[in-house]
There are 2 protein chains.
Amino acid sequence: MVAFAGMAIRDAKKQQTRQALMEAAIDQVAGGRSFASLSLREVTRDAGVVPASFYRHFRDMDALGLALVDETCQQLRRLIRAARSTSVPGDTMLAASVGTFLLFVQTHRAAFQFLTRERHGGSRPVREAIAREVRGFVVDLAVDFARYPHFGKLPREDLEMMASLLVNTVVSALGELLELAADHPDVQGAQARKLTDQLRVIVLGGLAWRPGTRLPAGAGAMPAG
Amino acid sequence: MVAFAGMAIRDAKKQQTRQALMEAAIDQVAGGRSFASLSLREVTRDAGVVPASFYRHFRDMDALGLALVDETCQQLRRLIRAARSTSVPGDTMLAASVGTFLLFVQTHRAAFQFLTRERHGGSRPVREAIAREVRGFVVDLAVDFARYPHFGKLPREDLEMMASLLVNTVVSALGELLELAADHPDVQGAQARKLTDQLRVIVLGGLAWRPGTRLPAGAGAMPAG
DNA sequence: GCACGGTGTGAACACTTGTTCACTCATCTG
DNA sequence: CAGATGAGTGAACAAGTGTTCACACCGTGC
């Protein structure tokens, strides 16, 4: 039980069926089902395993859900971390970031479909876990903001408010994108351009922002709430 | 069956249990359950009715879900329509709109919890119905935008892109707000201020926007995607 | 090489589920 | 008032559910 090189084959096989269970669940969710409506038996059936085996890996379905959040968010964090290290200001960088992000989404479609679905639709623990991840992205992004000329002078509170605005915009666009058929590159291109423009508007607004800013009186305004 | 004044008591009682079924479902969803995981029997039990009675009102649970979307969106549309008629540009109006909207949310908490949960978490028809409603709000808002000085000169495409940005921001804030305990006015106040500032940033960005705008080279930029 | 430990098995359990049916009885129609 | 109408009832059904159990098997550690 303590040995280092030991438990090789045994453990590998265990992780294999564990992965099969997680994939079975995530595929169902990506296929339109909500995680809460999945039955334990259904998941084991798709994973090619008998129901009783499930308990060797997870206490119950909630535990499976949390494991899925962990795994999918881990993938996402890897991308974000890579992107943060190569951050250079400018418009071309923004457009490029949107491009690589949307490409990443396409190659991890099921994972994002799961996160999008369960972000508000899931059980309380799952929702909290995802919210914690999103909050982490916001804080990190605010720190990155602080490194740039204008934004460096703003209080952390304002930076987080703008980072949250930006992250929420990306997440919203993500939700819309995932509803579209996977193989309509033209519609997806339009979505990408729309998201890029929205981020441009946010950054433009951020550049005009000072602590305590109020809108000009007559200029333009927002009619409905 | 054709009579006009007829079917008074009969029909009233029917609508009454129909309403009981809808409320039972929406209360469960507001209480944390996802609609897809609700069982027909569970709903009828909470409504104080025998399972077989369900079929007098809805073909199946999906039909109930769609009816709930219809009803909740109808409430929301009433508020929006009222707000649109009293639209006056300016910063105080924006802050006031946020205030009345958040108050409205508190008095219709369960309905918004249902919409937020099922927007991405629900079945395909439900998701499509909600998406259609949101799309409608975006288009209306874009039309309202067009009435103001600077925005009137922008192409419809740009206006809808900004309206979508604004609506998504409100929806995101709504999602965060609903996760908070219902009786923490201080935290809710902070959320309201944050949302107001985010909308200000968007409007500021919109005022600086011209068709085909790109970000200035060195100024400030967005690091992560 | 052998006994232990743990993953996967198949059967069994008590329960809940969606749907159907003949029925009652208050309400509407003529 | 008498008969038709249809909302709500209670029982029944097959099917699916989560969970438990003794057991078979094979990789692991001595």
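Worth knowing before you read on, the calculation uses all heavy atoms, side chains too, and leaves out hydrogens, waters and symmetry mates. First the proteins, then the strands, lettered A, B, ... as listed; each starts at 1.
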All N/O pairs under 3.5 Å across the protein-nucleotides 16-20 of chain D interface:
| from | atom 1 | to | atom 2 | distance (Å) |
| --- | --- | --- | --- | --- |
| D:dT17 | OP1 | A:Ser39 | OG | 2.8 |
| D:dT17 | OP2 | A:Arg45 | NH2 | 2.6 |
| D:dG18 | OP1 | A:Leu40 | N | 2.6 |
| D:dG18 | OP2 | A:Leu40 | N | 3.3 |
| D:dG18 | OP2 | A:Arg41 | N | 3.0 |
| D:dG18 | N7 | A:Arg41 | NH1 | 2.5 |
| D:dG18 | O6 | A:Arg41 | NH1 | 2.9 |
| D:dT19 | OP2 | A:Tyr55 | OH | 2.7 |
| D:dT19 | O5' | A:Tyr55 | OH | 3.2 |
| D:dT19 | O4 | A:Arg41 | NH1 | 3.3 |

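The phosphate of D:dG8 has OP1 or OP2 within less than 4.0 Å of a side-chain N or O from B:Thr17. Look at B:Ser53 and you'll find a side-chain N or O under 4.0 angstrom from OP1 or OP2 of D:dT9.
Evaluation of the salt bridge (charged side-chain N to carboxylate O under 4.0 Å, His left out) test over residues 24-42 of chain B, restricted to residues two or more places apart or in two chains, returns B:Arg33-B:Glu42. Applying the salt bridge (charged side-chain N to carboxylate O under 4.0 Å, His left out) rule to pairs touching residues 129-141 of chain B yields B:Arg77-B:Glu133, B:Arg84-B:Asp140, B:Arg135-B:Glu160, sequence neighbours excluded.
Inter-residue side-chain proximity for A:Val126 and A:Ile130 is flagged as met; some heavy-atom pair is nearer than 4.5 Å.
Per the geometry, CZ belonging to A:Phe58 stands 15 Å off C1' belonging to C:dG8, to the nearest Å. For A:Asp11 and D:dC26, the CG to C1' distance is 15 Å, given to the nearest whole Å. Counting to the nearest Å, the C1' atom of D:dT28 and the NZ atom of A:Lys13 are 14 Å from each other. Taking atom NZ of residue A:Lys14 and atom P of nucleotide D:dC26, one finds them 19 Å apart after rounding to whole Å. Separating the CZ atom of A:Phe54 from the P atom of C:dT9 is a distance of 15 Å, rounded to the nearest angstrom. The distance between atom CG of B:Leu21 and atom P of D:dA7, rounded to the nearest whole Å, is 13 Å. Per the geometry, CD1 belonging to B:Ile9 stands 14 Å off C1' belonging to C:dT29, to the nearest Å. At whole-Å resolution of the value, NE2 in B:His57 and C1' in D:dG8 are 8 Å apart.
Side-chain N/O atoms of B:Arg10 and base N/O atoms of D:dA7 include no donor-acceptor pair closer than 3.5 Å. Between the side chain of A:Arg56 and the base of C:dG6 there is no donor-acceptor pair of N/O atoms closer than 3.5 Å.
Using a 30° and 60° split on the angle between ring planes, B:Phe112 and B:Phe101 fall in the perpendicular class, above 60°.
The environment of A:Arg109 atom CZ is dense: over 12 non-hydrogen atoms of other residues, nucleotides or ligands sit within 6.0 angstrom.
Not one N or O on the side chain of B:Arg200 forms a donor-acceptor pair closer than 3.5 Å with the backbone of B:Ala95.
Under 4.0 Å is where a charged nitrogen must lie from a carboxylate oxygen, and between B:Asp197 and B:Lys194 no such pair does.
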